[in-house]
Amino acid sequence: MSDKNFKRYTITSALPYANGPVHIGHLAGVYVPADIYARYLRLRGNDVAFICGSDEHGVAITLKARKEGKTPQQVVDQYHEQIKTSFEKFGISFDIYSRTTSKTHHETASEYFQKLYENGKFLEQSSEQFFDPKENQFLADRYIKGTCPTCSFPEAYGDQCESCGSTLSPSELINPKSMLSGEAPVLKATKHWYFPLDQYEDWLRKWILEDHKEWKPNVAGQCKSWLDGGLKPRPMTRDLDWGIPVPVEGAEGKVLYVWFDAPIGYISATKDWAAATGKDWEPYWKSDDTKLVHFIGKDNIVFHCIIFPALLKADGGYIFPENVPANEFLNLESNKISTSRNWAVWLHEYLEEFPDKQDVLRYVLTANAPETKDNDFTWKDFQTRNNSELVAIFGNFVNRAVVLTHKFFEGTVPMKNELQPIDEAVLVDVKAGIKSIEASLEQYKFREALSQLMDVARSGNKYLAETEPWKLIKEDKERVATIMNIALQISSTLSIIAEPFLPFTSGKLKEMLCLENADWKLAGESDLLKEGQEIGKAALLFEKIEDSAVEAQVQKLMDTKKANEAEAEGSKVVPAKEVVNFEEFMKMDLRVGEIKTAEAVPKSNKLLKFTVDTGLDQRTIVSGIAKHFTAEEMIGKKVLVMSNLAPRKIMGIESQGMLLFAENEDGSLKAVSPGSDAQNGATVA
RNA sequence: GGCGAGGUAGCUCAGAUGGUUAGAGCGUCGGAUUCAUAACCCGGAGGUCGGGGGUUCAAUUCCCCCCCUCGCUACCA
């Protein structure tokens, strides 16, 4: 933990990629915690720049545009607006929400690159890349489609097969085709600028693993894994027509790699913010007394902990992040959130379907944030947390305090008389609670901080239950005055300390109590409201969420699931392949074989090595079926063998043929078994 | 397979430089209460701390092996 006295804070949260709306996973992982942190710091009077914006470059945007028949600019304009608006409505208090297509950013990123270039920080390297001769354009991996070598899915992308999930490189695809022209791509040399990450390895190792031992285990562990694996130079430029042009001679048709320009987007956004507010941006990025914190999801760890810091180091003028509190992922009703499968709770939809309930979602996402491991969001849990925590504990306490004050003292803050031990005790409790919240927030333990906030409300309820003002009123109104005064002071404290977590509620509560001075420092004081001061009417801070509302959401997800299944059903059967003529068919030597020996291939978890009696000979065949069959159960089985397939080395073993299996749509393999009376070597035709 | 992160009450999670009865919230059961959105408050039940070995007077906490989940990464003719 750093005890340094920081003069200002630069808080960044991951730039959302502008090819889709924001969902609860993004919120729980990044934006809600970042917002809590930023609001807390501001409440304590700190100088804070809370920075974000849309990430609008990269291949995925161009693909999306092409698919929808739009220009990339139209795509990012649409999502940028949508994302920006929903963040605003949700109460994420960015000081600026910018975008990477802005002029400032293009200039900033371009200059950044140029400076590194001029200082010799890059390596120039040529390599062979796929090129579409008809469109006269280099092809990103995702621009190439072909048949998956693993599962024969004919529409696999050059980087991944969406059917079986294997990671691919374009050269592995069978019958690769350019998605632009449909032509077969050719290999062609192209030059790129590589950033030699390996040169920063020692520095990174010390900076992360020695100087920042306080980083979260998941973050530090991930970094160590990368460092131990050895860093390699990474190309920082791409052949693409959407992005920031590489500002170097001989780089026509090339743009900066999206992960080069995106983090620099934090800097550009800070510049825009500074310009708009008449500040100087530089201290926020270059001064040692600035604390820089990146809020991100775990998928971004390598970029924010390795690549970007190394780029900052290469420039030499920048500070480094003090911490990168990356969160894990949030699942939805036990399934991974998926944009393409529409398995998500979209923020813009939530805002419409649960109007005025921003804080409920903020609360649930914080209480169940994936801080140490992946977590699950369920609508049932959403309902329970609202009904039995927000309504029953927080809302209820405030309501009791305000209603009783109106009942007994006509809505004015009654006079506090001599305090009894129980009064002192509850006030001490509340103050201790605030200290704990501060400590938790400073360690990025938002879940814990939130539960400590609820504990303060619990103390309030307990205080009322123990002092029973509704009974005492008959005999000792003076004593009740003290009790209600204290209950109102606690409510006021709640309105202050809830602000980072539940800003809308905090606002409502302050208004109800007519509380004006609401610095964090005042929280816990017993004279936040003055005696004789009027307070407003009781209004419910939270309302119950009925079963029907939750059931409707679950139903919506079920419908999505059904639609997905229907779609999968439609594409379940792999489409027919091209017609082959009889001669081609007869070229294949298919025959019955018998497995004599079988063993797992060391260091592989998919491969089994067999000795097969093909009637012709005993030969070695390696097959990737270990996930479906054990070596033991295969011994003695009759199998179909493609025996004249060209031999191929797999993990150093020469495989002389291929075993044939049936593959179901879910990827599971089923034996195709000749009868036991089929002879070894019997031909199949 | 390698690396990383997790596996603690029905659910969501704390915790431990090894040491008396392993914690919290929610749920559940019982009680009390009626100011409050059938809410609050009190109490009970509920865990061989993923499995197996080892070190130790003592391990859930340290070491080794194994299993499961998630992520990154490699093999899949």
Side-chain angles (χ1 to χ4, degrees), chain A residues 148-152 164 166-167 172 174 216-229 297-299 301-302 326 328-329 331 336 364 367-378 380-381 384-393 395-408 445 447-448 450-452 454-455 457-458 460-473 480 483-484 487 538 540-544 600-608 621-627 642 645-653 655-660 669:
Chain A
C148 173
T150 303
C151 72
S152 301
C164 69
S166 13
T167 310
E172 294 175 278
I174 299 161
K216 293 171 58 172
N218 58 335
V219 178
Q222 195 63 232
C223 291
K224 188 168 185 308
S225 177
W226 276 89
L227 290 168
D228 289 349
K298 68 172 163 184
D299 51 335
I301 289 175
V302 65
E328 302 283 301
F329 287 156
N331 293 133
K336 204 175 292 188
V364 175
N368 195 24
E371 285 178 7
T372 54
K373 61 171 187 186
D374 291 0
N375 274 159
D376 196 24
F377 175 95
T378 66
K380 182 72 198 148
D381 181 59
T384 305
R385 287 198 186 271
N386 178 76
N387 293 357
S388 56
E389 295 179 29
L390 288 176
V391 173
I393 295 167
N396 189 217
F397 167 64
V398 169
N399 191 236
R400 295 168 89 184
V402 174
V403 166
L404 286 174
T405 302
H406 276 278
K407 213 171 239 181
F408 303 149
K445 295 183 174 175
R447 242 181 6 207
E448 188 175 271
L450 184 65
S451 116
Q452 287 155 345
M454 293 307 286
D455 285 342
R458 283 192 184 94
N461 275 319
K462 186 169 176 168
Y463 176 70
L464 288 181
E466 284 171 353
T467 53
E468 299 183 305
W470 51 91
K471 276 188 184 167
L472 268 182
I473 190 68
V480 173
I483 295 167
M484 293 324 301
L540 297 181
L541 291 178
F542 303 100
E543 57 187 21
K544 291 213 157 186
V601 174
K603 296 199 173 183
S604 156
N605 63 351
K606 288 189 189 168
L607 299 180
L608 294 180
I621 296 181
V622 176
S623 190
I625 61 169
K627 284 262 168 84
M642 165 86 177
L645 190 66
R648 163 114 177 207
K649 264 201 174 179
I650 305 166
M651 302 263 315
I653 304 164
S655 179
Q656 300 156 315
M658 181 170 172
L659 302 186
L660 272 29
L669 295 183

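Within every chain, numbering begins at 1; the chains are lettered A, B, ... in the order of the sequence lines, protein sequences first and strands thereafter. Just so it is clear, the values below take in all heavy atoms, side chains as well, and ignore hydrogens, waters and symmetry mates.
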- Check the pair A:Glu328 / A:Lys373 against salt bridge (Lys or Arg N to Asp or Glu O under 4.0 Å), numbers first and verdict last. CA-CA 5 Å; A:Glu328 302 283 301; A:Lys373 61 171 187 186; over 6 Å; no
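- Taking atom CG of residue A:Asn386 and atom P of nucleotide B:U12, one finds them 20 Å apart after rounding to whole Å.
- Here the separation of B:G44 from B:A22, taken at their P atoms, is 15 Å to the nearest Å.
- Comparing the same atom, P, in B:U17 and in B:C75 gives a spacing of 42 Å after rounding to whole Å.
- Closest contact between the side chain of A:Asn368 and the listed nucleotides B:C35, B:C41, B:U12 involves B:U12.
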Using atom names, set out every protein N or O paired with an N or O of nucleotides 4-8 of chain B below 3.5 Å, distance rounded to 0.1 Å.
| residue | atom | partner | partner atom | Å |
| --- | --- | --- | --- | --- |
| B:G4 | O2' | A:Gln222 | N | 3.4 |

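- Residue A:Phe542 is in base contact, counting any heavy-atom pair closer than 4.0 Å across all strands shown.
- Of the options A:Asn399, A:Asn387, A:Val391, a side-chain contact (heavy atoms from CB on, under 4.5 Å) to A:Phe542 is made by A:Val391 and by none of the others.
- The side chain of A:Ala392 lies closest to B:A39, out of B:G71, B:A39, B:A14.
- For the C1' atoms, the distance linking B:G54 with B:U61 amounts to 15 Å, nearest Å.
- Under the salt bridge (Lys or Arg N to Asp or Glu O under 4.0 Å) criterion, A:Glu466 pairs with no residue, sequence neighbours left out.
- B:U28 sits 31 Å from B:A16 when the P atoms are compared, rounded to a whole Å.
- B:C70 atom C1' lies 10 Å from atom CZ of A:Phe329, rounded to whole Å.
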- Summarise protein proximity over nucleotides 25-33 of chain B in one line of letters, 5' to 3': B for base, S for sugar-phosphate only, - for none, counting protein heavy atoms closer than 4.0 Å. SSS------
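- With pairs defined as Watson-Crick or G-U wobble and both atom distances under 3.5 Å, the stems of at least three pairs that touch RNA chain B come out as B:1-7 with B:67-73, B:10-13 with B:23-26, B:28-31 with B:41-44, B:50-54 with B:62-66.
- Across all strands, A:Lys407 comes closer than 4.0 Å only to sugar-phosphate atoms, never to a base (heavy-atom distances).
- Comparing the P positions of B:G15 and B:G50 gives a spacing of 15 Å, expressed to the nearest Å.
- Summarising the geometry, the separation between CZ on A:Arg400 and P on B:A36 is reported as 10 Å, rounded to the nearest angstrom.
- A:Asn461 comes within 4.0 angstrom of the backbone, heavy atoms only, and of no base.
- With sequence neighbours left out, A:Phe329 forms a ring-ring contact (aromatic ring centres under 6.0 Å, His included) with no residue at all.
- In this structure, A:Leu404 places its CG atom 16 Å from P of B:C40, rounding to the nearest Å.
- Rounded to a whole angstrom, the distance from the C1' atom of B:A9 to that of B:C49 is 10 Å.
- Residue contacts for A:Leu472: at a heavy-atom cut-off of 4.0 Å it reaches no nucleic acid atom on any strand shown.
- One interatomic measurement links the two molecules: CG of A:Asp374 to C1' of B:C72, which rounds to 13 Å at whole-angstrom precision.
- Taking atom CG of A:Leu450 as the reference point, atom C1' of B:U12 lies 13 Å away to the nearest angstrom.
- Spacing of P atoms, B:U60 relative to B:G18, comes out at 14 Å, to the nearest Å.
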All N/O contacts under 3.5 Å from nucleotides 61-68 of chain B to the protein, with atom names and distances to one decimal?
none

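- Note on A:Lys462: only backbone sugar-phosphate atoms sit closer than 4.0 angstrom, heavy atoms only; bases stay farther off.
- Taking the P atoms as reference points, B:U55 lies 26 Å from B:G7, given to the whole Å.
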